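No experiment lies behind these values; they were computed from the predicted model shown.
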Amino acid sequence: MFSPVDQQHMAEALRLAEKGLYTATPNPRVGCVIVRDGQAVGAGWHEKTGGPHAEVLALRAAGARARGATAYVSLEPCSHHGRTPPCVDALIEAGVARVVAAMQDPNAKVAGSGFARLRAAGIEVESGLMQDEARALNCGFVSRMSRGRPWVRMKIAASLDGRTALANGQSRWITGPEARRDGHAWRARACAVLTGIGTVRDDDPRLDVREVETTRQPLKVLVDSRLQLPLSAKLLQSGQVLVAAAVEDKAGIAALRDKGAEVVVLPNAQGKVELTDLMLELARREINEVHVEAGFKLNGSLLGAGLVDEILVYLAPSILGDSACGMFSLPELTDLAQKWLVQFVNVQTIGSDLRILARVVN
C-alpha cells in the first residue's frame, strides 16, 4: 500500500512534528511535507497553540508547486474551526492530489471528517503509515481525546535493588547528573509535573525545568489531602501551582491563593484526594501529559488506581538494602497472578545509570 518513498517522507513529517515536543501542547505535535515529482517542495510543523498548523506552513513554502502534489502529514488534517481555520480547506484550495496521514485524529470534532472532506473534493486519501510512531509522539493528546484523561508517566530514580530513598527520607542523589538532566528533558515535554506532600516535606523540590532549555514551564501539581504545604515551599516561589486537597480548609486555601497557587478540593470516601477525579480535572485544563515525581506511597496509589501508563526508571549502580524505601506502596499480593505487568519499550545507559522505559500492561 505504501512505498519506500512514502515511508521516507512520512518519517520526515514525524521528525518535523517532534520539533513541537515542548511547545505544541495542548495541541498535538504535527509535521507536514509537500512532495511533487519526487521532491519535497514544502515543509512545516506546528509550533504552538494559536500559530499556523503544519499543513498551512508547508503549503506556504510550496506555493504553486503544491498543485498536484502529495501532502504527507503525521495527523489527519483538521476540519473544524478552532483557534485557526480548517487545514482541509487549505489543502483543497492548494489543489493537492493526494494526502497521506499517519493516523486519524482522535478528536471527536475531526475523527475522520477531515478525510471525508478531502475525498469529497476528489483528493486521494490514505492513512495508517507509521501510525505507531505518530501515536507515541502524541500519546498525551490521544489519551485526553480518547479516554478523557492525560497520559501519566511516572519517573523513578532508584538503586539497583529498587530503593528510592533511605529510611530517614534522604534521596539526593541516588542517580548521576546525566540521568537528572535526562529526567528534566522528560519534565520539559510534559504539561504538568505531579508530586505528593511527602516528597515536599522530605526534599522541598522546585519541580521546574532547569537542566535543559525550555520555552515554558509545566504546571506544578501537588497532592496534599490535608493542606499541609508550608508557605515557604520552593515550589510556590515561581510558576503555576495547582494543589489538590481533600478538605475545605478556608483559611488554608486562602493562604495558598495569596501565594499564587490554585486549590481544588477532590475528596474520596477515605478522606484523601480522589486521584481519578484529579486526572479528569487536569484533562479539563487541557493537560496532555503528566510527569509524576513522587514517593512510594503516592506512586502506589496511582498505580493501584490504574492511572499509570508509563514508568521511567533510572537504576543507579548501587545497593541500599531492605530498610530503604521501595518504588511502590501496594497491598500484599497472595498470588503471582495478581502482579502488575509492564512491557519494556526502551532500555539504555544514561551516564553511569540504566534508564528503563516501560508501559503498564494491566
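Remark: Cys191 pairs with Thr25, Ile287, Asn288 by the side chain to side chain contact (heavy atoms under 4.5 Å, CB included) rule, at least two apart or across chains. The side chain to side chain contact (heavy atoms under 4.5 Å, CB included) test applied to Ser318 returns Ser159, Ala316, not counting sequence neighbours. Partners of Arg210 according to the salt bridge (charged side-chain N to carboxylate O under 4.0 Å, His left out) rule, which considers only residues two or more places apart in sequence or in another chain, are Asp208.
Pairs of residues two or more places apart, or lying in two chains, never qualify as salt bridge (charged side-chain N to carboxylate O under 4.0 Å, His left out) while including a residue from residues 324-353. For residues 217-266, no pair satisfies ring pair (Phe, Tyr, Trp, His ring centres under 6.0 Å), with sequence neighbours left out. Counting only residues at least two apart or in different chains, salt bridge (charged side-chain N to carboxylate O under 4.0 Å, His left out) contacts with residues 260-284 comprise Glu262-Arg285, Glu281-Arg284, Glu281-Arg285. Sorted by first then second residue, the salt bridge (charged side-chain N to carboxylate O under 4.0 Å, His left out) pairs that include residues 226-235, not counting sequence neighbours, number zero. The list of ring pair (Phe, Tyr, Trp, His ring centres under 6.0 Å) pairs with a residue in residues 231-277, not counting sequence neighbours, is empty.
A heavy-atom distance below 4.5 Å is not found between the side chains of Gln217 and Ser238. Side-chain contact between Leu333 and Trp340 is present, with heavy atoms from C-beta onward closer than 4.5 Å.
For the pair Glu211 and Arg180, the salt-bridge criterion is not met [side-chain N within less than 4.0 Å of a carboxylate O].
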Tell me which donor-acceptor pairs under 3.5 Å the side chains of residues 290-308 have, and how far apart each pair is, sequence neighbours excluded?
| unit_1 | atom_1 | unit_2 | atom_2 | d |
| --- | --- | --- | --- | --- |
| His291 | NE2 | Glu293 | OE2 | 2.8 |
| Glu293 | OE1 | Arg187 | NH2 | 3.1 |
| Glu293 | OE2 | Arg187 | NE | 2.8 |
| Asn299 | ND2 | Gly295 | O | 3.4 |
| Asn299 | ND2 | Met327 | O | 3.2 |
| Ser301 | OG | Lys297 | O | 3.2 |

Show me, pair by pair, the donor-acceptor contacts under 3.5 angstrom made by side chains of residues 7-15, not counting sequence neighbours?
| unit_1 | atom_1 | unit_2 | atom_2 | d |
| --- | --- | --- | --- | --- |
| Glu12 | OE1 | Arg15 | NE | 3.0 |
| Glu12 | OE1 | Arg15 | NH2 | 2.9 |

For residues 123-134, which side-chain N or O atoms pair as donor and acceptor with protein atoms under 3.5 Å away, sequence neighbours left out?
| unit_1 | atom_1 | unit_2 | atom_2 | d |
| --- | --- | --- | --- | --- |
| Glu126 | OE2 | Arg98 | NE | 2.8 |
| Glu126 | OE2 | Arg98 | NH2 | 2.7 |

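Remark: the Arg201 side chain and the Gln228 side chain contain an N/O donor-acceptor pair separated by less than 3.5 Å.
Considering every non-hydrogen atom in both Gly114 and Val110, the closest pair reads N-CG1, 4.1 Å. For the residue pair Pro77 and Leu118, the shortest heavy atom distance occurs at CG-CD1, 4.2 Å.
For the salt bridge (Lys or Arg N to Asp or Glu O under 4.0 Å) with Glu289, the lone residue among Arg29, Arg149, Arg144 that qualifies is Arg29.
Atom CG of Asp322 has 12 or fewer neighbouring heavy atoms from other residues, nucleotides or ligands inside a 6.0 Å radius. Within 6.0 Å of CZ in Arg135 there are 12 or fewer heavy atoms belonging to other residues, nucleotides or ligands.
Under a 4.5 Å side-chain heavy-atom criterion applied to ILVMFWY residues, the cluster that includes Val212 comprises Val209 as well.
Leu312 and Met154 are members of different hydrophobic clusters when ILVMFWY side chains are connected at heavy-atom separations under 4.5 Å.
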